Amino acid sequence: MDFVFHQRTEMNNSQTVELRKIWDNCLSHIRSSVTKQSFKTWFEPIVPLELANGELKIRVPSQFFYEWLEERYYPLITRTLADVLGHEVKISHSIFPDSEASTPTSPEAYPAEGLPNATAISNQVSQSHSTEPENVIYPPSARTRETASLLPSPTYGFTNSSSSSFNGFLHPRYTFENFIKGDSNQLARAAALAVANNPGGTSFNPLVIYGGVGLGKTHLIQAIGNHVLHQHKAKRAIYVSSEKFTVDFVDSIQRDTINDFSAFYRSMDVLIVDDIQFFAGKEKTQDSFFHIFNTLHQLGRQIVLSSDRPPKELKGLDERLISRFQWGLTADIQPPDLETRIAILRNKSEHENIEIPQDVIEFIAANVTSNIRELEGCLIGLLAKASLENREINLALAQEVLKSVVGSIKYHITIEGIQRSVCEFFDIPEDLIRAKTRKQEVVSARQIAMYLAKELTNSSLKTIGLHFGGRDHSTVIHSYQTVEDQMRSDGKFSETITQLRKKVELAGK
Ligand code: ADP
Ligand code: MG
């Protein structure tokens with residue numbers, strides 16, 4: 001057994017050496033016909049495996065890599081092989097198996113930014129090549145990691161070895177499942193979902209999502225990409241910020257890889273560009289984007305864009321681009337209402353597997369109103385403080401956190417809170433204030449509570465009435481005026497109300 005095994009290896013090795021020589025010969029021809037960058041990106045990672053029966057089997061890092069090769073370089077490779085071997089050969093391929101180690105799991109791990117520059121990569125590669133014996137076939141993981149950083153150039157890199165794990169620079173956290181639906185994002189979400197289910201097949205092309213900071217634009221447009229990669233395995237979706245697109249564009253001009261750059265984006269089924277307002281004033285980048293946009297649109301590929309304002313209000317952008325942005329659907333995301341904010345916080349805490357009392361959730365939701373990122377920041381701050389200081393998650397802790405995050409807190413005053421404080425103050429049972437009783441002391445307490453509810457909450461007269469045993473809004477107005485009149489005529493009464501007001505505010509703090 002041992003002997004046979006040994007013999008076989010010997011044979012394989014000598015064949016491999018021979019094959020490597022042939023391949024190196026081919027490479028030296030190819031090197032002179034493509035750019036340095038293309039050579040490093042598309043040819044160095046190829047590993048020749050076997051040459052038999054007029055067929056060369058090669059190993060490539062991913063399906064996409066192979067398709068790219070086939071589309072752009074197949075004739076070059078077959079022609080060169082025919083020259084070197086003196087006869088024609090077909091090419092077949094296999095792909096490196098998945099490597100967990102090179103699958104990024106956090107945005108920080110994505111090579112989108114902070115990639116080592118090309119020189120660093122090429123040094124690294126040539127070093128590792130020079131120390132390896134010529135005929136070594138790289139172990140999948142090591143080779144994958146190395147090519148991952150090369151692929152398909154620092155600027156438009158892939159991170160993994162097979163098409164199924166091509167992540168398109170999408171963060172897996174951004175999905176439709178954890179994007180909370182609300183009035184504020186209804187249209188945008190519905191359109192995004194339609195596009196994700198049928199990329200390029202709806203009239204929403206391009207789909208432009210616009211809205212203020214931290215309202216979920218990036219989340220939603222990435223959810224489209226994740227959905228596409230998940231549902232339509234053969235499709236390629238890529239996410240890029242307009243800043244990164246710009247930097248890569250400039251970079252590709254300097255490196256003379258502009259053709260690869262454009263071809264890369266043109267090969268996508270779904271192109272997602274975030275924050276297009278940053279294209280403002282960058283004419284050459286806009287021009288390049290314009291052509292990519294046109295090609296993709298003509299091919300029926302999906303384009304998804306986000307912006308901080310509606311396309312027609314974008315300044316410093318070419319008119320022809322703006323008009324194209326309006327070809328499809330433009331949908332806005334508004335700041336979330338209270339219910340949506342509560343739902344987002346609840347969803348998030350469930351996701352973190354941490355139980356947060358309802359009053360704490362409501363308190364944060366009531367105070368952080370403009371921005372979902374800030375909302376999440378508060379929740380994270382709260383969880384961090386609770387765990388670091390080993391404290392219970394309650395309203396007091398939430399108040400401390402909010403003060404440092406939001407700066408100042410509005411009081412969290414509810415109608416129930418007011419009723420409680422007022423009843424305590426006058427020493428009457430709480431249910432009486434909502435009951436039908438007309439006992440003078442109860443009537444008076446009820447009127448004061450209604451007055452404070454009108455003064456200290458944003459509730460409508462109707463809502464206030466409902467909280468007081470279903471009384472109608474005219475009763476609330478009457479109570480309010482009665483209390484106001486008495487405050488004006490009775491200094492002591494006015495003082496009592498001021499005192500009560502403080503008590504309510506303190507309780508709601
Ligand atoms: P933008 O790109 O508009 O500035 P982001 O997409 O970065 O905003 O959103 C900020 C944060 O809020 C992200 O962590 C995102 O997951 C979260 N977020 C935004 N909208 C929602 C939503 N509807 N449901 C759940 N989380 C959301
Ligand atoms: Mg964003």
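Both counts, for ligands and for their atoms, begin at 1 and track the order of listing. Index from 1, following the sequence. Worth saying up front: this structure is predicted, and the values here are computed from it rather than measured.
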*Closest by any non-hydrogen atom to atom 10 (C) of ligand 1: pick that one out of R341, R373, E177.*
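Shortest heavy-atom distance from atom 10 (C) of ligand 1: R373.
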_Just to be sure I'm reading this right: ignoring hydrogens, which of A188, S306, G216 gets closest to atom 8 (O) of ligand 1? Compare them by their nearest heavy atoms._
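Among A188, S306, G216, the closest heavy atom to atom 8 (O) of ligand 1 belongs to G216.
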*Got a salt bridge between R391 and E400, using NZ or NE/NH1/NH2 to carboxylate O under 4.0 Å?*
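Yes.
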*Could you tell me whether D260 and R255 make a salt bridge, using a distance below 4.0 angstrom between a side-chain N and a carboxylate O?*
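Judged by the 4.0 Å cut-off on N to carboxylate O distance, D260 and R255 do not form a salt bridge.
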*Using a cut-off of strictly less than 2.8 Å, determine whether S306 has an N/O/S atom near the Mg ion (ligand 2).*
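S306 does not place any N, O or S atom closer than 2.8 Å to the Mg ion (ligand 2).
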Looking at ligand 1, does [X] have a heavy atom less than 4.0 Å from it?
| X | answer |
| --- | --- |
| G211 | no |
| R173 | yes |
| G212 | yes |

*So do the side chains of I354 and K348 get within less than 4.5 Å of each other, counting heavy atoms only?*
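Side chain of I354 against side chain of K348, heavy atoms only: no contact under 4.5 Å found.
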*So, do F278 and D275 sit near enough that their side-chain heavy atoms are less than 4.5 Å apart?*
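F278 vs D275: side chains touch.
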*For F245, is the NZ or CZ atom of K282 found under 6.0 angstrom from the centre of its six-membered ring and inside 45 degrees of the ring axis?*
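Negative - K282 is either too far from the ring of F245 or too far off its axis.
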*Could R446 and F468 be counted as a cation-pi pair, given that NZ or CZ must be under 6.0 Å from the ring centre and within 45° of the axis?*
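Checked: cation-pi criterion not met.
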For [atom], find the nearest protein heavy atom and state the residue, atom name and distance (0.1 Å precision).
| atom | value |
| --- | --- |
| atom 13 (C) of ligand 1 | E376 OE1, 3.6 Å |
| atom 2 (O) of ligand 1 | T218 OG1, 2.8 Å |
| atom 16 (O) of ligand 1 | H219 ND1, 2.7 Å |
| atom 4 (O) of ligand 1 | G214 N, 2.7 Å |
| atom 25 (C) of ligand 1 | N178 O, 3.2 Å |

*Closest contact, heavy atoms only, K235 versus V228*: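 Taking every non-hydrogen atom into account, CB-CG1, 3.9 Å.
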*Let me see the working for K244 and D251 under salt bridge (Lys or Arg N to Asp or Glu O under 4.0 Å), right down to the final yes or no.*
CA-CA 10 Å; K244 182 169 154 44; D251 209 48; over 6 Å; no
*Do Y480 and Y451 have ring centroids that are under 6.0 Å from one another?*
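When the ring centroids of Y451 and Y480 are compared, they turn out to be within the sub-6.0 Å range.
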*With rounding to the nearest 0.5 Å, note down the distance linking NE2 in H230 to CG in L170.*
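Here the interatomic distance stands at 12.5 Å.
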*asked:* Show the atoms of ligand 1 that are less than 4.0 angstrom away from any heavy atom in F179.
replied: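 Reading through ligand 1 atom by atom, the close ones are 20 (N), 21 (C), 22 (C), 23 (N), 24 (N).
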*If you count the atoms of ligand 1 from 1 in the order shown, which ones are under 4.0 Å from a heavy atom of Y174?*
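Close to Y174: 16 (O).
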*Just heavy atoms, cut-off under 4.0 Å: does I180 contact ligand 1 by side chain, backbone, both, or neither?*
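Within the 4.0 Å criterion, I180 contacts ligand 1 through backbone and side-chain atoms alike.
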*With backbone taken as N, CA, C and O and side chain as the heavy atoms from C-beta onward, which portion of N185 lies under 4.0 Å from ligand 1: side chain, backbone, both, or neither?*
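Answer for N185: side chain.
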*Short N/O distance, under 3.5 Å, between V213 and ligand 1?*
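No, since none of the N or O atoms of V213 sits under 3.5 Å from an N or O of ligand 1.
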*asked:* Below 3.5 Å, N or O to N or O, backbone or side chain included: is there any such pair between I372 and ligand 1?
replied: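 No; the residue has no nitrogen or oxygen that sits under 3.5 Å from a nitrogen or oxygen of the ligand.
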*Y265/V240 under side-chain contact (heavy atoms from CB on, under 4.5 Å): CA gap, chis, key distance, verdict*: CA-CA 10 Å; Y265 284 109; V240 66; 3.6 Å; yes
